[in-house]
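Let me begin by presenting the structure, written as structure tokens, before commenting on it.
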Amino acid sequence: MSRSTPPVAGPKATPTGKDRPLVDELNTMLEGRLPGLLGMRVLEADDRTVLAELTVREELLAPNGYLHAASVVTLADTACGIGTRLALPEGASYTTVEIKTNYVGTARSGRVSATATRVHHGRRTQIWDATVHDDTGRTIALFRCTQLVIAP
């Protein structure tokens, strides 16, 4: 992003679950952004574990007919990012500083789900792991990210 060009949009507020169920608020937060455009849905969420899924459809496939690696990363990274947001201290923000994905399978149909789990909760960093499964329960990817916590 050029410093002279303003961002197209700002961050959305982190849902609290005070006005309606937290997962409903989280799914609303995803609307209009990449995870929402891919059809990602949050099924469960708290500051330690997030479960999310998406339905495999043609638009999410690579030209070879298999689920695009970027679709898998978006699902896993978003699940981890939601957990990170829910675990932040009041007024803090975060940014991803590292991601790694090992692909051990793929999907061509059905649903894929990511279970994200916080493995480190430090003052300056959080580390999250996610396992992505197809709808038969077979693991298709192992994902890890490191999040830098930015104090207010």
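- In this structure, His121 NE2 and Leu88 CG are separated by 7.0 Å, a value rounded to the nearest 0.5 Å.
- Note that the CG atom of Asp46 and the CZ atom of Arg48 stand 8.0 Å from one another [nearest 0.5 Å].
- At distances below 3.5 Å, not a single donor-acceptor pair connects side-chain atoms of Thr139 with backbone N or O atoms of Ala141.
- Leu148 CG to Glu98 CD: the interatomic distance, rounded to the nearest 0.5 Å, is 12.0 Å.
- Residues Val56 and Arg111 have side chains not in contact (no heavy-atom distance under 4.5 Å, counting atoms from C-beta outward).
- To the nearest 0.5 Å, the span separating CZ on Arg85 from CG on Leu26 amounts to 8.5 Å.
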Kindly indicate, with the supporting measurements, whether the criterion side-chain contact (heavy atoms from CB on, under 4.5 Å) is fulfilled by Leu67 and Val72. CA-CA 8 Å; Leu67 185 60; Val72 174; 3.6 Å; yes

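- Of all the heavy atoms in Arg108 and Gly65, the pair that sits closest is NE-O, 3.2 Å.
- Heavy atoms only, all atoms of each residue included: Ala76 and Ala114 are closest at CA-CB, 4.2 Å.
- Counting only residues at least two apart or in different chains, side chain to side chain donor-acceptor pair (under 3.5 Å) contacts with residues 66-80 are absent.
- Considering every non-hydrogen atom in both Met29 and Pro15, the closest pair reads SD-CD, 3.5 Å.
- Closest non-hydrogen pair, Val42 versus Ile82, comes out as CG2-CD1, 3.5 Å.
- In this structure, Val50 is a member of the same hydrophobic cluster as Leu22, with clusters built from ILVMFWY side-chain heavy atoms closer than 4.5 Å.
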Audit row: Val149, Arg124, side-chain contact (heavy atoms from CB on, under 4.5 Å) steps and yes/no: CA-CA 5 Å; Val149 176; Arg124 300 283 317 258; 5.5 Å; no

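- Distance alone, capped at 3.5 Å, is enough to place a donor-acceptor pair between the Arg41 side chain and the Gly39 backbone.
- From Arg57, atom CZ reaches atom CG of Leu38 across 6.5 Å, with rounding to the nearest 0.5 Å.
- Cluster membership for Ile140 and Tyr103, using ILVMFWY side-chain heavy atoms within less than 4.5 angstrom, is shared.
- Closest approach of Cys145 and Ile99 over heavy atoms only: CB-CG2, 3.7 Å.
- If you chain together hydrophobic residues whose side chains sit under 4.5 Å apart, Leu51 and Leu30 never meet in one group.
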Verdict with supporting geometry, Thr131 and His133, side-chain contact (heavy atoms from CB on, under 4.5 Å): CA-CA 7 Å; Thr131 303; His133 295 95; 3.3 Å; yes

Run the side-chain contact (heavy atoms from CB on, under 4.5 Å) test on Thr146 and Thr96 for me, step by step, so that the C-alpha distance in whole Å, both residues' side-chain angles and the decisive distance to 0.1 Å come before the verdict. CA-CA 6 Å; Thr146 302; Thr96 304; over 6 Å; no

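- Of the possible polar contacts, none joining the Gln147 side chain to the Ile127 backbone as a donor-acceptor pair under 3.5 Å is found.
- Side chains of Thr117 and Trp128: no donor on one and acceptor on the other come within 3.5 Å.
- Judged by distance alone, with hydrogens and angles left aside, the side-chain atoms of Asp24 form no donor-acceptor pair with the main-chain N or O of Arg20 at under 3.5 Å.
- Separating the OG atom in Ser113 from the CG atom in Asp135 is a distance of 8.5 Å, to the nearest 0.5 Å.
- A heavy-atom distance below 4.5 Å is not found between the side chains of Met40 and Glu53.
- Criterion: ILVMFWY side-chain heavy atoms under 4.5 Å apart, direct or through other members. Under it, Leu34 and Leu54 are part of a common hydrophobic cluster.
- The local environment of CD in Glu58 is sparse, with at most 12 non-hydrogen atoms from other residues, nucleotides or ligands closer than 6.0 Å.
- Under the 4.5 Å side-chain heavy-atom criterion for Ile, Leu, Val, Met, Phe, Trp and Tyr, Leu75 and Val73 are members of the same hydrophobic cluster.
- Among all heavy-atom pairs drawn from Leu60 and Thr55, the shortest one is CD1-O, 3.5 Å.
- Under the side-chain hydrogen bond (donor to acceptor under 3.5 Å, both in side chains) rule, Asp129 has a single partner from Arg118, Lys100, Arg144, which is Arg144.
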